[in-house]
Number of protein chains: 2
Amino acid sequence: MVQPRVGRDLEDLTARARIRDAAIELFADRGAATTIRDIARAAGVSAGLVRHHFGSKDALREACDAFVLDRAMSMKEQVMADGFGNPAFLSAAHPTILLTYRYVARALIDGSAPAAAMFDELVRLGTAWFERHDPEASEDLPALSAVIVAMHTGLVVMHEHLARNLGADVFELAGYLRMSRALIDLYSRPLLDDPTAAAARSSIDKVSEGER
Amino acid sequence: MVQPRVGRDLEDLTARARIRDAAIELFADRGAATTIRDIARAAGVSAGLVRHHFGSKDALREACDAFVLDRAMSMKEQVMADGFGNPAFLSAAHPTILLTYRYVARALIDGSAPAAAMFDELVRLGTAWFERHDPEASEDLPALSAVIVAMHTGLVVMHEHLARNLGADVFELAGYLRMSRALIDLYSRPLLDDPTAAAARSSIDKVSEGER
DNA sequence: GGAGTGGCTGTACGCGTGTATAGCCTGTTG
DNA sequence: CAACAGGCTATACACGCGTACAGCCACTCC
């Protein structure tokens with residue numbers, strides 16, 4: 001039988017790979033609630049085959065976690081090599097990378113242990129980066145790093161609501177650029193002036209001492 | 001029969017109110033996956049009674065949404081009245097307020113329409129605030145506002161991972177204060193210096209023009 | 001050329017879910 | 001005191017889920 005090549009490379013993949021890819025896509029946006037039968041349908045195979053190749057739903061989940069987090073870790077090393085302040089961040093607009101973000105963010109919500117480990121690793125890396133390049137950013141660099149990582153993974157989780165308000169999908173170029181510009185503004189122009197920040201800090205200190 | 005008063009006020013509430021409170025608590029941290037039977041168990045009633053009072057699981061969900069979002073909206077107006085830069089933000093450490101945050105953040109993930117409407121409202125309010133008090137914060141104030149709202153709701157969603165990295169629950173005072181300090185640092189000390197920010201912006205402009 | 005192997009399908013089973021309903025128990029009303 | 005009403009429970013049912021298993025089909029190897 002002639003295999004029509006319609007430009008979709010999904011047809012070329014092993015059934016096992018198609019199942020994995022379909023699962024990653026579905027896990028990324030519906031999370032753990034995704035059904036084995038849904039995955040099978042998306043991959044164009046029977047539900048039995050999913051189990052045949054991966055053993056169980058949990059095992060499939062773990063395989064997807066490993067696959068995606070592997071990719072994420074090598075992306076991370078790429079970024080580390082390039083340097084942080086580098087405008088190369090724009091390459092993050094690549095579809096596969098965006099899928100990776102979505103998957104990891106969703107996995108964090110669903111309580112995936114490997115994703116949590118990656119979160120922690122990112123916090124460590126961020127802390128180390130601050131210690132080396134911007135130790136004055138905060139008196140509590142680990143907390144600052146943790147907050148930033150949480151906010152950015154959270155930002156990905158909220159992409160649907162962000163897109164609705166921007167009028168553009170942040171996983172497509174136009175929306176991604178608009179979001180990036182806003183982030184640059186956020187990180188380059190302080191929202192709190194010095195007196196306001198000082199007042200806020202002293203309020204916290206007061207409460208803190210009251211507790212002691 | 002004598003009703004022992006053990007200090008827990010849950011005992012005093014109507015069964016209907018206990019069901020609602022238990023549902024809010026469970027929805028807030030497990031989301032839509034929460035079971036009617038789990039809610040019933042937490043409220044100390046039978047599963048049938050949940051349906052008796054609320055009709056269906058979806059109706060219960062809507063009732064909880066309405067209840068919590070009502071509370072959230074009045075909190076919002078309180079904040080608006082107090083003013084934003086006000087250190088009164090510390091009052092946000094109140095348990096009920098934190099539960100409200102958690103519930104709303106989780107509802108956003110689970111696709112609740114009322115929660116999405118509130119998200120949009122917050123973006124509008126943020127934009128208006130910037131227009132009035134800090135119009136230089138960005139050339140694209142709606143995008144900046146949307147990004148900030150998304151990051152902060154996302155931050156709440158990631159509270160578990162944040163807590164693990166801080167070594168303190170951010171829904172208890174100590175962790176909340178530590179997180180708040182980090183946020184103040186983030187918003188008062190620019191992470192990107194001017195040349196870096198300018199370089200990043202021009203990279204985006206270049207890509208943007210290439211697309212046009 | 002027959003046996004074996006592995007990718008793959010279809011059907012079936014047990015379980016937990018949301019939902020429905022019949023009935024109990026207590027307090028109120030005529 | 002009898003009838004009623006409503007908060008509440010227990011049981012039952014249909015459905016979709018993850019899982020298990022028996023078997024088909026194409027291909028390879030002796």
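Each chain gets a letter, A, B and so on, in the order the sequences are listed, and its residues count up from 1.
- A:Ala47 comes within 4.0 angstrom of nothing in the nucleic acid, heavy atoms only.
- By the side-chain hydrogen bond (donor to acceptor under 3.5 Å, both in side chains) test, A:Ser145 is found to be paired with no residue, residues two or more places apart in sequence or in another chain being considered.
- Under the salt bridge (charged side-chain N to carboxylate O under 4.0 Å, His left out) criterion, B:Glu121 pairs with B:Lys76, B:Arg124, sequence neighbours left out.
- In terms of the side-chain contact (heavy atoms from CB on, under 4.5 Å) criterion, residue partners of B:Ala32 (sequence neighbours excluded) are, by chain and number, B:Arg61, B:Asp110.
- The separation between A:Leu49 atom CG and C:dG7 atom C1' is 7 Å, rounded to whole Å.
- Counting heavy atoms from C-beta on, the side chains of A:His161 and B:Val149 never come closer than 4.5 Å.
- Salt-bridge formation is not detected for the pair B:Arg30/B:Glu25: no Lys NZ or Arg NE/NH1/NH2 atom is positioned less than 4.0 Å from an Asp or Glu carboxylate oxygen.
- Shown here are the side-chain hydrogen bond (donor to acceptor under 3.5 Å, both in side chains) partners of B:Arg178, two or more places apart in sequence or in another chain: A:Asp140.
- The separation between A:Ile19 atom CD1 and C:dT9 atom C1' is 12 Å, rounded to whole Å.
- Residues from residues 26-38 of chain B placing a heavy atom under 4.0 Å of any atom in DNA chain C, listed by number, are B:Thr34, B:Thr35, B:Ile36, B:Arg37.
- Under the salt bridge (charged side-chain N to carboxylate O under 4.0 Å, His left out) criterion, A:Arg41 pairs with A:Asp38, sequence neighbours left out.
- Using a 4.0 Å cutoff on non-hydrogen atoms, the parts of residues 52-69 of chain B near DNA chain C are B:Ser56, B:Lys57, ordered by number.
- In this view, B:Glu160 satisfies the salt bridge (charged side-chain N to carboxylate O under 4.0 Å, His left out) rule with no residue, not counting sequence neighbours.
- Within the 4.5 Å cutoff, the side chain of A:Leu183 has heavy atoms near those of the B:Met151 side chain.
- A:Arg102 has a carboxylate O that lies under 4.0 Å from a charged side-chain N of A:Asp29, or vice versa, which qualifies the two as a salt bridge.
- Atom P of nucleotide C:dT19 and atom CD1 of B:Ile39 are separated by 11 Å, given to the nearest angstrom.
- B:Tyr187 meets the ring pair (Phe, Tyr, Trp, His ring centres under 6.0 Å) test with B:His152; sequence neighbours excluded.
- The closest side-chain donor-acceptor pair between A:Tyr103 and A:Asp65 falls under 3.5 angstrom.
- Protein chain A touches strand DNA chain D; the 5'-most and 3'-most nucleotides with an atom under 4.0 angstrom of its non-hydrogen atoms are D:dC17 to D:dA20.
- Distance CZ (B:Arg41) to P (C:dG16): 11 Å, rounded to an integer number of Å.
- Scored by the side-chain contact (heavy atoms from CB on, under 4.5 Å) test, A:His53 finds A:Arg16, A:Ile19, A:Leu49 as partners (sequence neighbours excluded).
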Please produce a list of atom pairs where a protein N or O lies less than 3.5 Å from an N or O of nucleotides 24-26 of chain C.
none

